[in-house]
Amino acid sequence: RDVRRPLAYPRFEAQPLLTPAQCRKVRRRAASELQFTEATVGSGSVGSHGVKAQRGSRRAKFAGVPKTSFFYSQVYRLLWDRINATNEKLWRFAIAPGTMEFMQYSIYAASDLGGYSWHEDVGFHSETASRALSVSVQLSEGAAYEAKFWADGKVRYSQVVRSRWDFPRIGVNASRDAGQAIMFPSHVTHRVTPVTRGERHSLVLWLQLDTGSEVDRELPAPVCNVQVASRRISSVNMVELTYGRTDNCTMQDSIGAFVEAHGFPAQHQSSVKRQLGEAMTSKCGVL
Ligand SMILES: O=C(O)CCC(=O)C(=O)O
Ligand SMILES: [Fe+2]
């Protein structure tokens, strides 16, 4: 695969990605569905053997985010589209959908003085050594937490810095707005200052360098399996609905195409569409 020079090399790039309502949905689902464990340093989503909890530098609860569930696959899809477009304009790392690691949902709580001190995401061992890009999505409202800088007592949230050797360690504060995606090369030093009130939730995703085999592989479309039980369509009580954003179709388009493809009689179509729409929203969870 071609190696290309960067067009620009910012230390980080922040963009709005999710709406506050989408952040609320992600938080609500995560609270009921994800399995949280105490974070350990070096406990990335890959190769974390023999790592002990080091509560000094990383104090958070985190959970891996499944790629195949319909709801989260929409988040992976949104993130990939944005990261890919941004990477093409700036760093031009050789990444591919297949080199996305599992996302981590992290919760930093004031009760814990939750935070993560200066570090880089590139490891020396295992697959973390192949990390090229990191992304952090702010899931909490800025007003939901306060984070205090150790030394000067001022309230701020500092995410990405120029270098850990800057003295004094002057950070560039990233946005605290819900839904912001902060993208940065994985070697850039960053931290999460200790949360002193409330809770901060974030989604972190790492992209590894593609060794060449992944470049043409597409991200699979999110698949939503919904049951449709209706006396009017007695021959069909289980249907599989594919909702893909790849061809820019909306959920309504996708339902329409499905109804047509399965030849539902015209007089039943609006009722089938309504039921499918409701089932997708409630069961599969449309972002
Ligand atoms: O929570 C964040 O925004 C960043 C966390 C982080 O730096 C990491 O998990 O490597
Ligand atoms: Fe990090």
Side-chain angles (χ1 to χ4, degrees), residues 11-18 23 26-27 30 34 36-48 51 53-65 75 79 82-83 100-110 112-142 144-150 156-164 169 171-196 198-208:
R11 309 307 290 233
F12 76 100
E13 162 79 8
Q15 295 173 11
L17 180 75
L18 302 179
C23 291
V26 174
R27 293 202 307 264
L34 299 183
F36 285 91
T37 50
E38 209 61 43
T40 54
V41 166
S43 59
S45 52
V46 292
S48 52
V51 175
Q54 291 180 38
R55 305 205 14 101
S57 60
R58 186 185 187 188
R59 294 170 309 278
K61 283 191 302 183
F62 80 96
V65 178
V75 182
L79 266 171
R82 183 63 67 86
I83 292 161
M100 282 195 280
E101 292 185 24
F102 283 96
M103 282 193 284
Q104 275 185 13
Y105 188 112
S106 294
I107 303 178
Y108 305 83
D112 221 15
L113 213 58
Y116 198 161
S117 38
W118 301 117
H119 69 279
E120 296 86 34
D121 292 340
V122 187
F124 292 100
H125 309 288
S126 79
E127 291 158 57
T128 61
S130 304
R131 286 176 177 168
L133 272 178
S134 303
V135 189
S136 160
V137 183
Q138 313 305 297
L139 291 178
S140 298
E141 304 294 335
Y145 64 97
E146 278 174 13
K148 214 171 238 186
F149 184 46
W150 283 122
R156 68 170 81 159
Y157 160 66
S158 171
Q159 166 80 5
V160 183
V161 297
R162 290 181 208 97
S163 154
R164 77 191 307 163
R169 287 180 175 173
V172 177
N173 293 347
S175 169
R176 298 163 50 99
D177 294 346
Q180 285 278 321
I182 302 157
M183 296 165 260
F184 54 97
S186 300
H187 65 79
V188 171
T189 312
H190 57 281
R191 67 172 168 180
V192 177
T193 54
V195 171
T196 50
E199 267 185 12
R200 172 178 179 272
H201 295 216
S202 68
L203 265 182
V204 174
L205 175 65
W206 299 280
L207 289 103
Q208 297 182 7

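These numbers come from the heavy atoms of this one structure, side chains and all, not from hydrogens, waters or symmetry mates. When a ligand or atom number is given, it counts from 1 through the structure's own listing order. For the single chain, residues carry numbers from 1 onward in sequence order.
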Fill in: Element-labelled atoms of ligand 1 that are located less than 4.0 Å from some non-hydrogen atom of V192
1 (O), 2 (C), 4 (C)
Practice prompt. Please confirm whether R58 comes under 4.0 Å of ligand 1, counting heavy atoms of the residue only.
Written response: yes
Discussion item. With heavy-atom distances below 4.5 Å as the criterion, would you say the side chains of R59 and P194 are in contact?
Written reply: yes
Response to the item:
Contacts of R27 meeting side-chain hydrogen bond (donor to acceptor under 3.5 Å, both in side chains) (sequence neighbours excluded), chain-then-number -> none
Worksheet item: What do you reckon, does S106 have a nitrogen or oxygen under 3.5 Å from a nitrogen or oxygen of ligand 1?
Response: no
Worksheet, complete the sentence: For S202, the ligand 1 atoms with a heavy-atom partner under 4.0 Å come out as 1 (O), 2 (C), 3 (O)
Fill in: W206, any N or O under 3.5 Å of ligand 1 N or O
no
Discussion item. Less than 4.5 Å apart, side chain to side chain, heavy atoms only: is that true for V135 and L17?
Written reply: no
Worksheet item: Side chain or backbone of I182 under 4.0 Å from ligand 1, or both, or neither, by non-hydrogen atoms?
Response: neither
Worksheet item: Considering only heavy atoms from C-beta outward, does the side chain of L139 approach that of L18 to under 4.5 Å?
Response: yes
Practice prompt. Output the list of atoms in ligand 1 that are nearer than 4.0 Å to some heavy atom of Y108, sorted by atom number.
Written response: 1 (O), 2 (C), 4 (C), 5 (C)
Worksheet entry | Note, F62 side chain near T37 side chain (heavy atom, < 4.5 Å) | yes
Worksheet item: Q104: heavy atom below 4.0 Å from ligand 1, yes or no?
Response: no
Worksheet entry | By side-chain hydrogen bond (donor to acceptor under 3.5 Å, both in side chains) - contacts of S186 (at least two apart) | S134
Response to the item:
Near S136 (heavy-atom distance under 4.0 Å), the atoms of ligand 1 are 2 (C), 3 (O)
Worksheet entry | Contact partition for H190 relative to ligand 1, non-hydrogen atoms under 4.0 Å | side chain
Discussion item. Taking side-chain contact (heavy atoms from CB on, under 4.5 Å) as the definition, give me every residue that meets it alongside Q180, ordered by chain and number, with sequence neighbours left out.
Written reply: A14, P16, Q138, S175, D177
Worksheet item: H190 side chain to V188 main-chain N or O, any donor-acceptor pair under 3.5 Å?
Response: yes
Worksheet item: Applying a 4.0 Å heavy-atom criterion (strictly less than), which segment of F62 is in contact with ligand 1: side chain, backbone, both, or neither?
Response: neither
Worksheet item: For the Fe ion (ligand 2), which protein N/O/S atoms are closer than 2.8 Å?
Response: H119 NE2, D121 OD1, H190 NE2
Worksheet item: Would you say R82 and M183 make side-chain contact, with heavy atoms under 4.5 Å?
Response: yes
